Amino acid sequence: MTVRTRFAPSPTGMLHIGGVRTALFSWLYARHHGGTFILRVEDTDRERSTDEATQVILDGMQWLGMTADEGPFYQTRRMDRYREVIDQWLVEKKAYRCYCTREELEELRAGQMAAKQNPRYDGRCRDRTDVREGVPFVIRFKNPLDGTVVVDDQVHGRVVFENTQLDDLIIARSDGTPTYNFCVVVDDWDMAITHVVRGDDHLNNTPRQINMLRALGTTPPVYAHLPMILGSDGAKLSKRHGAVSVLQYQEEGYLPGALLNYLVRLGWSHGDQEVFTLEEMIQYFDIKDVNKSASAFNPEKLLWLNQQHIMKAPVSVLSDGLREQLLLLGVDTNDQSLLEGVANILRERARTLKEMAQTGLYFFRDFEQYEEKAAKKNLTADAMPILAALEAGLAALTEWDAVAIHEVINIVAAQFNVSLGKVAQPLRVAVCGSAVSPPIDATVALLGKASVLVRLQRAHRYIA
RNA sequence: GCUCCCAUCGUCUAGUGGCCCAGGACACAGCCCUCUCAAGGCUGGUACACGAGUUCGAAUCUCGUUGGGAGCGCCA
């Protein structure tokens, strides 16, 4: 039997990392087993679903490279199918019309809560046979009245539910539209889903779904309920932490592989390994290594991992991302060799592509002004002759590379009988505007002779 | 309130009865390297929620307590 999994987000809110993690595990499981991954948009709630949220799902999945083998399917386009099953169930007496008003139900719930009972519909319309013309009604599924439902969950193990704790859930609203729990069941069946991988907030829905699957005469799929992801403060994920659109991470300069790597380690592990390539994730991923307990989102570790991936990424990936980030900062360049040079020199100094663009800005355009403390400390009268000697030495260079530049710096240091730092720092501030940069010889080399000489003169005027 | 789930360093986790007075990673501190910043290396502190039991032996099994989470919608 080939594995078929699905990711079924609802476009009622932005796709965030919680949803992405669910998608990832589901996708990984399918890929690991050479199976099929299906994308299904659960948009039956037409009031709250938005096109924007749908677009974020599509764009986000594409950015992350989690391509669907089938779909995207939209539930709103399958209404006829749901209607068909409901009508059939009505005929087979597996479902029934319920004329209870919302007020009535509210009263019932309140009474049960007060009596310390599990609030549930009492089935008062379950056996009525009359058809009331003109009176609004919903359609409920006849849940079994007794017995148990066993969920053999792949991550939680065996979970048993009593049917007496369940009730007759609504499968069609009074306006005739089908509801979530019902659509999921019909879809999973029609799409021949073999493994349902989803958040464990759905564990409680599972027995109801299994009962409906049975009513359909089919065998339920295998379930795997993943633990939730909490915010960094241990509370429910909210906008304060990471519950922003997944595309936000793209804008912030994260590599898709790094985000996925971070997410895969939330609730899953492969020994002590922390850094994974996509291929390794697919190769090693297995549901049996998934944890049961919820985990907290840790932005610091994401940052670290992103840097780990930046350090290993192909230079073209970095230069492309860097160019996009520079565009955001008002620099439009297609100088591929400069972009690649900067990417390589900054790859172990930037935790995000955005950081790379910010800290390497001076490679692309002259800096506005010197960083105050750095200039005060290094662009001094004492440094004046050193900078002048540097300028002369560099100007005379015919071979413009790091080795030759380093030689000039060494000679100047020897000439003035000072440490390397006494030469490198003033030079650094002169060409970068700050006291921090990659190794000065490589930096000067990458900057190019023309702009280095211009900036040295600028420093000269500044001191004078 | 009822039902279900969960419980190892601040955080992510390894660990499936002896290899664990608990290992790795992020973060933090110190040191090394060093032209600055990084990267890298080394060192350090901090955890098996609690209580009973089972066992020669428990982080690992059982029960209870406590704490956290989810569900209980004509939301998904």
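Worth knowing before you read on, the calculation uses all heavy atoms, side chains too, and leaves out hydrogens, waters and symmetry mates. Sequence lines set the chain letters: A, B, ... in the order given, protein chains first and strands last, and positions in each chain run from 1. All values reported here derive from a predicted model rather than from experimental measurement.
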Legend entry - 5' priority, RNA chain B, between V138(A) and Y262(A) [closest heavy atom]: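 Upstream on the strand: Y262(A).
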Legend entry - Toward the 5' end of RNA chain B, by each residue's nearest nucleotide, N298(A) or D441(A):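 Its nearest nucleotide being more 5', the pick is N298(A).
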Legend entry - Side chain R428(A) and base rC35(B) donor-acceptor under 3.5 Å: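 A donor-acceptor contact between them is present.
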Legend entry - Any donor-acceptor N/O pair under 3.5 Å between rG23(B) base and D272(A) side chain: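 Result: at least one qualifying N/O pair found.
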Inset, instruction - Strictly below 4.0 Å, heavy-atom distances to any atom of RNA chain B: list the hits from residues 416-427 of chain A, or just say none. - result: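 Output list: L420(A), G421(A), A424(A), Q425(A).
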Legend entry - Residues from residues 344-354 of chain A lying under 4.0 Å of RNA chain B - heavy atoms: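 Correct list: E348(A), R349(A).
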Inset, instruction - Could you list all the salt bridge (charged side-chain N to carboxylate O under 4.0 Å, His left out) pairs where at least one residue sits in residues 47-58 of chain A, not counting sequence neighbours? - result: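 Applying salt bridge (charged side-chain N to carboxylate O under 4.0 Å, His left out) to every pair that reaches into residues 47-58 of chain A, excluding sequence neighbours, yields D45(A)-R48(A).
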Check whether any side-chain N or O of [X] sits under 4.0 Å from OP1 or OP2 of [N], and answer yes or no.
X       : N       : answer
S174(A) : rC74(B) : no
K301(A) : rU11(B) : no
T44(A)  : rA76(B) : yes

Legend entry - Single hit among N163(A), N181(A), D167(A), N143(A) for side-chain hydrogen bond (donor to acceptor under 3.5 Å, both in side chains) with R208(A):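 It is D167(A), the one option of N163(A), N181(A), D167(A), N143(A) that forms the side-chain hydrogen bond (donor to acceptor under 3.5 Å, both in side chains) with R208(A).
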Legend entry - R458(A) NZ/CZ over Y370(A) ring centroid, <6.0 Å and within 45° of normal: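 So R458(A) does make the cation-pi contact.
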Legend entry - Cation-pi geometry met for R40(A) and Y74(A) (6.0 Å, 45°):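 No, R40(A) and Y74(A) do not form such a contact.
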Legend entry - Shortest side-chain distance from L266(A), nucleotide among rU8(B), rC74(B), rC12(B):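 My answer, after comparing the listed nucleotides, is rC12(B).
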Inset, instruction - Determine, using ring centers only, whether W89(A) and F182(A) are less than 6.0 Å apart. - result: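 Between F182(A) and W89(A), the centre distance is under 6.0 Å.
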Inset, instruction - Examine H309(A) together with Y262(A) and report whether their ring centres are nearer than 6.0 Å. - result: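 Ring centres of Y262(A) and H309(A) not closer than 6.0 Å.
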Legend entry - Side-chain donor/acceptor of N306(A) to backbone N/O of L302(A), under 3.5 Å: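 Absent.
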